[in-house]
Student: 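The structure under discussion is supplied below as structure tokens; questions concerning it will follow.
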Amino acid sequence: AITSLYADLAERFEADSYYTPGTVVELGGPKEITAVQYELSEDVFGVISDTAAYLMNAGAGDDKTHPPVAVSGRVQVKVTGKVRKGQRLVSAGNGIARAASPGEATPFNVIGRALAHKTTEGQGTVEAIVTIK
């Protein structure tokens, strides 16, 4: 049996800037990944992790040049606005997610689902299960 203290599967990708954990990223920019640019982006690719249970491509650079991108599992996600546990998360632009409004979520723009409530309107983080397609 294999066990781990943390709960996300991540891989290192070359970033066009330094991104802190929880930043929502997409493929693109001058390097491999960049912060998600637009609201409801269908180009979402993952979330920057700092606690990967399993890290693929581990020898490619470091956290500043090649941050670990969680593509599956539990991870903290930067969000804006209130979020209810169970809500689907979509991009809000600028590397941040938000709760999807009814009818907005598609298989292509959902980042994951919130595992906890966020009761404030401002920016913060919420633990989520990330499932990128």
Side-chain angles (χ1 to χ4, degrees):
I2 297 174
T3 62
S4 176
L5 179 61
Y6 300 109
D8 67 273
L9 168 65
E11 182 175 349
R12 288 196 185 276
F13 289 90
E14 187 177 17
D16 62 0
S17 186
Y18 172 69
Y19 297 117
T20 57
T23 302
V24 179
V25 296
E26 64 186 24
L27 293 173
K31 306 289 183 178
E32 291 178 315
I33 59 167
T34 190
V36 70
Q37 299 296 307
Y38 304 104
E39 189 168 17
L40 296 173
S41 174
E42 292 189 352
D43 295 326
V44 292
F45 183 65
V47 178
I48 302 299
S49 174
D50 64 347
T51 56
Y54 184 77
L55 181 59
M56 297 182 292
N57 204 21
D62 59 25
D63 287 354
K64 291 183 181 180
T65 64
H66 292 72
V69 178
V71 294
S72 183
R74 287 176 183 248
V75 67
Q76 293 292 319
V77 179
K78 291 181 183 180
V79 295
T80 188
K82 293 180 180 180
V83 177
R84 289 186 328 274
K85 181 170 39 173
Q87 278 189 300
R88 288 170 177 80
L89 301 177
V90 294
S91 66
N94 299 318
I96 301 169
R98 66 171 176 80
S101 296
E104 286 184 327
T106 72
F108 305 107
N109 69 8
V110 171
I111 298 159
R113 295 186 70 169
L115 295 171
H117 297 294
K118 181 179 165 295
T119 59
T120 59
E121 286 293 338
Q123 195 171 325
T125 61
V126 67
E127 185 176 33
I129 185 81
V130 172
T131 54
I132 303 302
K133 301 204 187 270

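All values below come from the heavy atoms of this structure, side chains included, with hydrogens, waters and symmetry mates left out.
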Student: Drop me the distance from T119's OG1 to K82's NZ, to the nearest 0.5 angstrom.
Tutor: 7.5 Å

Student: Distance-only, no hydrogens or angles: does the K118 side chain make a donor-acceptor pair with backbone N or O of T125 under 3.5 Å?
Tutor: no

Student: So, taking the atom named CD in E14 and the one named CD in E32, what distance separates them when rounded to the nearest 0.5 Å?
Tutor: 6.0 Å

Student: In the structure I gave you, are the side-chain heavy atoms of V126 and L89 within less than 4.5 Å of one another anywhere?
Tutor: yes

Student: Are the side chains of V69 and I48 in touch, meaning some heavy atoms are under 4.5 Å apart?
Tutor: yes

Student: Might you point out which heavy atoms bring V71 and F45 nearest each other, and give the distance in Å?
Tutor: CG1-O, 3.9 Å

Student: Which distance, rounded to the nearest 0.5 Å, do you find between the CZ of R113 and the CD1 of I129?
Tutor: 11.0 Å

Student: Rounded at 0.5 Å granularity, tell me how far NE2 in H117 sits from CD in Q87.
Tutor: 9.5 Å

Student: Report the C-alpha separation of V47 and Q76 in whole Å, then their side-chain angles, then the decisive distance to 0.1 Å, and conclude whether the side chain to side chain contact (heavy atoms under 4.5 Å, CB included) test is met.
Tutor: CA-CA 8 Å; V47 178; Q76 293 292 319; over 6 Å; no

Student: With a 4.0 Å cut-off on N to O distance, would you call D63 and R12 a salt bridge?
Tutor: yes

Student: Find out whether D8 and V130 are in side-chain contact, i.e. whether some heavy atom of one side chain is under 4.5 Å from a heavy atom of the other.
Tutor: no

Student: Given side chains that start at C-beta, do those of R98 and L40 come closer than 4.5 Å, heavy atoms only?
Tutor: yes

Student: Output yes when a side-chain donor or acceptor of D62 lies under 3.5 Å from a complementary backbone atom of K64, and no otherwise.
Tutor: yes

Student: Can we say E104 and R88 salt-bridge, meaning some charged N sits less than 4.0 Å from an Asp/Glu carboxylate O?
Tutor: no

Student: Do S91 and D43 have side chains that get closer than 4.5 Å, going by heavy atoms?
Tutor: no

Student: A side-chain contact here means heavy atoms from C-beta on lying under 4.5 Å apart; do I33 and L27 qualify?
Tutor: yes

Student: CD/E11 to CG/L55 distance, rounded to the nearest 0.5 angstrom?
Tutor: 8.5 Å

Student: Can you tell me if R74 has over 12 outside heavy atoms packed within less than 6.0 Å of its CZ?
Tutor: no

Student: Could you pull out the closest heavy-atom pair between A53 and A7, with the gap in Å?
Tutor: CB-N, 3.9 Å

Student: Can a donor-acceptor pair be found between the side chains of T65 and K31 at a distance below 3.5 Å?
Tutor: no

Student: Walk me through whether T34 and Y19 qualify under side chain to side chain contact (heavy atoms under 4.5 Å, CB included).
Tutor: CA-CA 9 Å; T34 190; Y19 297 117; 3.3 Å; yes

